[in-house]
Structure formats: structure tokens, C-alpha cells
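Worksheet: one structure, shown below.
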Amino acid sequence: ASARDHACFVRRGYAETAAGAAEPSTVPVAPWLRAITLLYLVAVLSCRMLLRSPQAGSLHWITVMLLEDGLSLASFALGLAYLHRSKGAPLAMLAKRVAVPG
């Protein structure tokens, strides 16, 4: 199989076992993580709409800065939560792909 076939295979949610057989990845998403993700998406949409509205001009610059930086930190925290939940599987797969055979 080519690297392109493998990339398509991985994107569909399958992982290779040590024997090379394909298994569906079975990392369920916890209900609390889904709720946090939904809350995050609603908060990001709301903040971005506020920052693009005409009322954003009347906000103090510190408020705007805190909203923008808060969005970045929330995104980072959510990514860490998903990474922790998957026990680092995406990083292991990335490390395997970029490792130089030597």
C-alpha cells in the first residue's frame, strides 16, 4: 500500500496493529468532553461575533485583549484535553510518520 492509501486509511478512523492488520480506532469521547466542546464552540462563535460587531469599538482595549487571548488559551486547553483523553495516540502516530529510518 502506498503512503497516500495509508493516509486515507488513517483519516477514516482506522489504526494498524503490530501485525499490520487494520482495526477501527475505539477511543470514545466522554460525555463531559462533548459538553465542553459544545460550550467552547458556542463561546468562540459568540466572542467572534462580539469582536466583529460595531459594539467592539466601545470596549476597552484590555477587554478585547482578554477575549482574544482567552480564545487562544481555550483552544489550546481543549486540544490538550482531547490529547490526554486519547493517551497521546495522535502524537505517537505523527512521530511514527516523521521518524527517519536509520
Side-chain angles (χ1 to χ4, degrees):
S2 70
R4 181 174 176 225
D5 292 337
H6 181 74
C8 292
F9 196 65
V10 169
R11 268 185 262 142
R12 288 190 190 114
Y14 288 85
E16 290 182 21
T17 62
E23 288 183 354
S25 56
T26 57
V27 178
V29 178
W32 62 268
L33 193 54
R34 282 190 190 189
I36 289 175
T37 303
L38 183 62
L39 180 66
Y40 164 77
L41 292 173
V42 168
V44 166
L45 180 64
S46 302
C47 287
R48 291 190 57 86
M49 287 176 59
L50 173 67
L51 291 172
R52 294 206 179 254
S53 71
Q55 289 80 15
S58 64
L59 294 174
H60 194 270
W61 66 270
I62 291 177
T63 307
V64 173
M65 180 193 69
L66 289 173
L67 283 172
E68 291 172 347
D69 291 346
L71 290 174
S72 297
L73 291 174
S75 174
F76 182 74
L78 190 64
L80 282 180
Y82 271 100
L83 187 61
H84 178 71
R85 178 75 180 145
S86 68
K87 295 182 177 40
L91 285 180
M93 196 167 26
L94 177 65
K96 181 181 174 185
R97 295 292 158 226
V98 298
V100 178

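From a predicted model like this one, the values you see are computed outputs, not experimental measurements.
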Shared hydrophobic cluster for L38 and Y82 (ILVMFWY, side-chain gaps under 4.5 Å): no

Note: S75 and Y40 closest approach over all heavy atoms is CB-OH, 3.3 Å

dist L33:CG -> H84:NE2 (nearest 0.5 Å) comes out at 10.5 Å

Distance-only donor-acceptor pairs under 3.5 Å for side chains of residues 41-61, two or more places apart:
residue : atom : partner : partner atom : Å
S46     : OG   : V42     : O            : 2.8
S53     : OG   : L50     : O            : 2.7
S53     : OG   : Q55     : N            : 3.4
S53     : OG   : Q55     : OE1          : 3.2
S58     : OG   : Q55     : O            : 2.7
H60     : ND1  : I62     : N            : 3.2

Those residues at least two apart in sequence (or on a different chain) that pass side-chain contact (heavy atoms from CB on, under 4.5 Å) with L83 are S86, P90, L91

Test side chain to side chain contact (heavy atoms under 4.5 Å, CB included), reference E68, set L71, V64, L66, output is V64

Would L73 and I36 show up in the same hydrophobic cluster when neighbours are defined by side-chain heavy atoms closer than 4.5 Å? no

